[in-house]
Amino acid sequence: MNNDFKKDFAIFEGNDIIYFDNAATAQRPRKVMEAMTTFNDTCNANPLRGLYDWSVRATAAYEEAREKTAAFIGAQTSEEIIFTRNATESLNLVAYSYGLSHIKEGDEIVISVMEHHSNILPWQMVARERKAKLVFLECDEEGTIAREEYESKITDKTKIVSIMQVSNVLGVTNPVREIADYAHAKGAVVIVDGAQSVPHRAVDVQALHADFLAFSAHKMCGPMGMGVLYGKKELLEDMPPFLTGGEMIEYVTREDATFAELPHKFEAGTVNAQGAAGLSAAIDYLRDVGFDRIRETEDRLTKRLMAGMQELPYITICGANDPLLHSGIVTFNIEGCHPHDVSSVLDTEGICIRAGHHCAQPLMKHLGVQSTARASLYFYNTEEEVDRFLEKLGKVREWLGIK
Ligand code: 7TS
């Protein structure tokens, strides 16, 4: 069974490129581009400033995107939605603002060994600046973080737990709700990196018991340069600004300033209103496709992909054997071939996959690999693409001169 979603994307027109690098960025449907063009062509003006019609409508479009995003992830109010540039900036915002103002010497910050660098480096910075300790949750080969692991590492000293919901390398889903409940009982706040989960499944911050949630629009069919930070209102209200300047103030004197109310306190400078219009359209688009259908397609394709790969004895797949635990992400190595060569040779066949350390070097070290190749799927991929990919994958060793 194939689907027709590729028709919604201009980039797939007139070629048969197989795009299997969706964990890095997803493709953008025409509807998202149209929403951005409509903003540009009908009301481009600096939002939140002008009192004339275009600016008022630009503000409305921007704030409507905030409302839609709030509803999309189950936030209680749109003031809990801060627009940023990407998940990386969202995580840095929490680290610089909440982290630096709340962490003291001797406190502990808990993350996991499988985190993306974007959820490691900001906490290294906070730990260094505040003489706090950065504690890592370890996982097994399948990517599972055992209950005993988080129950032994999260203690009364823990003030922050920051963890990814879905790994960009193993595709594994972490027990975020259980970890959050345990961390809350110890008095810690919980930050969830939703960069790889929000595009693929319905994520509800209330159900997750998350205090903060970070994600990027570009991995969910939206534009680049647009990210989201959800934060509980009482936590955000208590945090100092991250960046300062225009638009985030109430009143400025020569010596001092008072800050604007939420969410504007955290959105210094001219905002990305066109990007917000794109994000809003991406949410509509994903809702139309439906998360049930997204999940069903990804699971079906991952099963087919892994079954085909498992027939090739020289391929090692990282993580769980069960394709349903992969969230459409299959990271692998071909014996005797460097992942960069695998990716380059597949590129000559019109196949896009990622190779390298996937910005998760501590995990690579933990798994005992230098680098890997990764195929990551989305709902617009098809069985025909999976079959063609498998056929080409079976020839890679021969093409690279390996007997
Ligand atoms: N967190 C996770 C779990 C990610 O997978 C990524 C990007 C980020 C944070 C950072 O997102 P950004 O939009 O701020 O860059 N992951 C990948 C990847 O796996 N390949 O390229 C980017």
Side-chain angles (χ1 to χ4, degrees), residues 19-28 69 73 82-96 111-124 136-137 139 143 145 161-174 176 179 190-201 203 208 210 212-230 242 272 275-276 278-279 282 298 318-319 326-332 339-340 343 352-364 366-367 369 371-378:
Y19 185 75
F20 279 0
D21 196 16
N22 294 287
T25 197
Q27 295 305 333
R28 222 162 284 136
T69 307
I73 57 160
I82 314 295
F83 286 139
T84 61
R85 283 189 305 134
N86 46 42
T88 302
E89 187 175 294
S90 299
L91 292 163
N92 273 274
L93 192 163
V94 187
Y96 276 90
I111 62 174
S112 86
V113 69
M114 71 178 86
E115 298 309 313
H116 187 278
H117 295 164
S118 296
N119 198 26
I120 300 177
L121 274 70
W123 305 115
Q124 289 178 343
F136 285 82
L137 301 178
C139 64
I145 298 173
V161 176
S162 191
I163 186 145
M164 60 187 358
Q165 191 175 8
V166 170
S167 161
N168 63 320
V169 176
L170 301 172
V172 65
T173 301
N174 286 319
V176 168
I179 292 176
V190 176
I191 299 141
V192 179
D193 176 356
Q196 297 294 349
S197 55
V198 174
H200 300 271
R201 62 180 69 181
V203 171
L208 276 187
F212 296 95
L213 174 76
F215 58 99
S216 289
H218 71 92
K219 293 189 200 285
M220 51 183 280
C221 296
M224 291 184 181
M226 192 67 202
V228 177
L229 174 69
Y230 156 83
F242 170 42
N272 183 3
L279 169 61
E298 289 172 1
C318 298
H326 275 259
S327 287
I329 292 174
V330 184
T331 293
F332 63 96
H340 285 167
S343 175
C352 316
I353 62 163
R354 175 89 195 262
H357 53 61
H358 316 291
C359 301
Q361 282 182 324
L363 176 63
M364 294 283 119
H366 185 70
L367 296 174
V369 288
S371 103
T372 59
R374 180 187 69 187
S376 54
L377 310 172
Y378 211 2

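Every number for a ligand or one of its atoms is a count from 1 in the order of the listing. Bear in mind that the values here come from a model prediction, so they are computed numbers and not experimental data.
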Run the side chain to side chain contact (heavy atoms under 4.5 Å, CB included) test on Thr69 and Phe83 for me, step by step, so that the C-alpha distance in whole Å, both residues' side-chain angles and the decisive distance to 0.1 Å come before the verdict. CA-CA 10 Å; Thr69 307; Phe83 286 139; 3.9 Å; yes
Quick one: look up the protein heavy atom nearest atom 5 (O) of ligand 1 and list residue, atom name and how far away it is. Gln196 NE2, 2.7 Å
Need the ligand 1 atom indices (1-based, order shown) with element for anything under 4.0 Å from a heavy-atom of Ser216. 11 (O), 12 (P), 13 (O), 14 (O)
Write out the residue and atom name of the closest protein heavy atom to atom 1 (N) of ligand 1, then the distance separating them to 0.1 Å. Asp193 OD2, 2.6 Å
Counting from 1 in the order shown, the ligand 1 atoms closer than 4.0 Å to a non-hydrogen atom of Ser118 are 10 (C)
Out of the candidates Val166, Leu213, Leu208, only one should pair with Val176 under the side chain to side chain contact (heavy atoms under 4.5 Å, CB included) rule; please name it. Leu208
Do Leu91 and Tyr96 have side-chain heavy atoms sitting under 4.5 Å apart? no
Would you mind reporting whether Ser343 and His340 have side-chain heavy atoms less than 4.5 Å apart? no
Check this for me - ligand 1, Lys219, N or O atoms closer than 3.5 angstrom, yes or no? yes
Answer yes or no for Ala23: is there a heavy-atom contact with ligand 1 below 4.0 Å? yes
What protein heavy atom is closest to atom 20 (N) of ligand 1, reported as residue, atom name and distance in Å? Arg354 NH1, 2.6 Å
Can a donor-acceptor pair be found between the side chains of Thr331 and His358 at a distance below 3.5 Å? no
Any His218 heavy atom less than 4.0 Å to ligand 1: yes
Looking only at protein heavy atoms, which one is nearest to atom 19 (O) of ligand 1, and what is the separation? Arg374 NH1, 2.7 Å
Within the 4.0 Å heavy-atom shell around Ala87, which atoms of ligand 1 are there? 11 (O), 14 (O)
Nearest 0.5 Å, please: how far is SG in Cys359 from CE in Met364? 10.0 Å
Given 3.5 Å as the limit, does a donor-acceptor pair link the side chain of His366 with the main chain of Met114, or not? no
Identify the protein heavy atom lying closest to atom 15 (O) of ligand 1, giving its residue, its atom name and the separation to 0.1 Å. Thr88 OG1, 3.8 Å
Side-chain contact, heavy-atom cut-off 4.5 Å: Met224 with Asn86? no
of all protein heavy atoms, closest to atom 4 (C) of ligand 1 is His116 CD2, 3.4 Å
Provide the number and element of each atom of ligand 1 under 4.0 Å from a heavy atom of Met164. 3 (C)
So, Glu89 versus Thr84: side-chain donor-acceptor pair below 3.5 Å or not? no
